[in-house]
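Keep in mind the model is a prediction, meaning the values are calculated, not measured.
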Amino acid sequence: MEKSRESERNSITLLGNKNVSYGFEYTPEVLETFQNKHPDNDYFVKFNCPEFTSLCPITGQPDFACIYISYIPDKLMVESKSLKLYLFSFRNHGDFHEDCVNIIMKDLIALMDPKYIEVWGKFLPRGGISIDPYCNYGKPGTKYEKLAWERLSTHDLYPETIRNR
């Protein structure tokens, strides 16, 4: 058990590191993982990033959003400081809102192979319209694939009341 903790500490390089460099370009390689201590349990881990920014690929104007990431981990979990740095790296990245949430989801799938994951971006309006893309994924051939379809098909059945835009 002690050797496992030692190995985990050695694989996480950003948490507690005060000399971390904040990059200005999209950087998926900054993401780090650690072992899920409860892989037999199904539970959600949810991250809220209320200060997400990216750039419009056409105008170069900044876009602001709250990004919600929820996932059911399998063997690996994403380390939160590395996730913050990763999301921060979109600051100068030019992509449409829909692309940003799908890129985030695909990068996290490649990183940790979760049982299930969803990413929802609630972007502030520009030009009088807000865009809230949602994407999800469940491991093919498992109950999580069915969960992904169910959540996608009923995702915005009861839209929330927007009071912050």
Side-chain angles (χ1 to χ4, degrees), residues 12-18 20-39 41-56 61-126 129-139 144 147-165:
I12 297 174
T13 63
L14 299 172
L15 185 62
N17 184 343
K18 294 184 172 113
V20 171
S21 173
Y22 287 83
F24 292 99
E25 300 300 325
Y26 166 69
T27 314
E29 52 277 355
V30 74
L31 288 166
E32 296 182 343
T33 61
F34 62 94
Q35 291 292 314
N36 177 10
K37 293 179 181 172
H38 309 280
N41 294 355
D42 284 343
Y43 61 97
F44 270 104
V45 176
K46 184 174 184 180
F47 293 102
N48 301 319
C49 179
E51 299 175 347
F52 180 83
T53 59
S54 61
L55 297 177
C56 173
Q61 294 287 324
D63 290 314
F64 301 92
C66 186
I67 299 289
Y68 299 95
I69 301 166
S70 297
Y71 73 99
I72 301 173
D74 195 359
K75 292 179 177 41
L76 297 175
M77 301 176 73
V78 65
E79 191 280 314
S80 62
K81 184 170 183 180
S82 74
L83 181 63
K84 291 175 203 176
L85 292 169
Y86 165 74
L87 293 172
F88 183 81
S89 80
F90 278 83
R91 183 174 69 167
N92 290 325
H93 181 73
D95 248 327
F96 292 113
H97 305 340
E98 299 85 352
D99 296 323
C100 288
V101 298
N102 277 282
I103 289 167
I104 291 166
M105 183 183 74
K106 288 177 180 178
D107 284 346
L108 291 173
I109 291 168
L111 176 75
M112 59 182 173
D113 191 27
K115 296 173 184 176
Y116 172 84
I117 188 168
E118 60 189 31
V119 180
W120 190 0
K122 294 187 176 193
F123 285 81
L124 293 176
R126 274 204 313 115
I129 191 169
S130 63
I131 302 172
D132 295 346
Y134 170 89
C135 58
N136 72 2
Y137 160 88
K139 273 193 183 179
Y144 309 104
L147 173 65
W149 172 247
E150 289 171 359
R151 287 182 69 100
L152 182 66
S153 64
T154 60
H155 167 67
D156 230 2
L157 212 54
Y158 305 101
E160 76 284 358
T161 302
I162 306 292
R163 293 195 169 101
N164 66 342
R165 321 188 226 190

Taken to the nearest 0.5 Å, the spacing of Ser82 OG from Leu111 CG works out to 7.0 Å
Heavy atoms of Lys122 and Asp132 approach each other most closely as CA-OD1, 3.2 Å
message: Quick check: do Phe44 and Ile72 have side-chain heavy atoms less than 4.5 Å from each other?
response: yes
Close side-chain approach of Phe64 to Arg126, heavy-atom, < 4.5 Å: no
Are Leu76 and Gln35 packed together at the side-chain level, in the sense that at least one heavy-atom pair is separated by less than 4.5 angstrom? yes
Item to complete: Indicate, with yes or no, if the rings of Tyr116 and Tyr137 have centres closer together than 6.0 Å.
Response: no
Taken to the nearest 0.5 Å, the spacing of Thr27 OG1 from Leu85 CG works out to 9.0 Å
Between Glu98 and Ile131 the two heavy atoms that sit nearest each other are OE2-CG2, 3.6 Å
- prompt: Given side chains that start at C-beta, do those of Ser70 and Trp120 come closer than 4.5 Å, heavy atoms only?
  reply: no
Nearest heavy-atom approach of Asp113 to Asp74 is O-CB, 3.6 Å
- Query: Would you say the side-chain atoms of Asn136 pair up with the backbone N or O of Ala148, donor to acceptor, closer than 3.5 Å?
  - Reply: yes
Between Val101 and Pro133, the two heavy atoms sitting closest are CG2-CB, 3.7 Å
In terms of ring plane angle, is the pair Phe90 and Tyr26 parallel, tilted or perpendicular, where the classes change at 30° and 60°? perpendicular
Would Phe52 and Ile104 count as a side chain to side chain contact (heavy atoms under 4.5 Å, CB included) here? Give the steps.
CA-CA 12 Å; Phe52 180 83; Ile104 291 166; 4.1 Å; yes
- Query: Do the side chains of Val78 and Val45 get nearer than 4.5 Å, heavy atoms only?
  - Reply: no
The reported gap from CD1 in Ile67 to OG1 in Thr53 (rounded to nearest 0.5 angstrom) is 10.0 Å
Output for pair (His97 NE2, Ser54 OG), nearest 0.5 Å, gives 6.5 Å
Sorted by chain and residue number, the side-chain hydrogen bond (donor to acceptor under 3.5 Å, both in side chains) partners of Tyr86 (sequence neighbours excluded) come out as Asp107
Would you call Leu83 and Leu108 a side-chain contact if the rule is heavy atoms closer than 4.5 Å?
-> yes
In this structure, NZ of Lys75 is separated from CE of Met112 (nearest 0.5 Å) by 14.0 Å
query: Has the side chain of Lys115 got a donor or acceptor atom that lies under 3.5 Å from a matching backbone atom of Pro39?
result: yes
Return yes when atom CD of Glu51 has more than 12 non-hydrogen atoms of other residues, nucleotides or ligands closer than 6.0 Å, and no otherwise.
no
Rounded to the nearest 0.5 angstrom, the NZ-CG distance for Lys84 and Leu87 is 10.5 Å
- prompt: Any side-chain heavy atom of Tyr43 within less than 4.5 Å of one from Pro73?
  reply: yes
Q: Look at atom NZ of Lys139 and say whether more than 12 heavy atoms of other residues, nucleotides or ligands are closer to it than 6.0 Å.
A: yes
Margin query: Could you tell me if the side chain of Leu152 sits less than 4.5 Å from the side chain of Tyr134, heavy atoms only?
Written below: yes
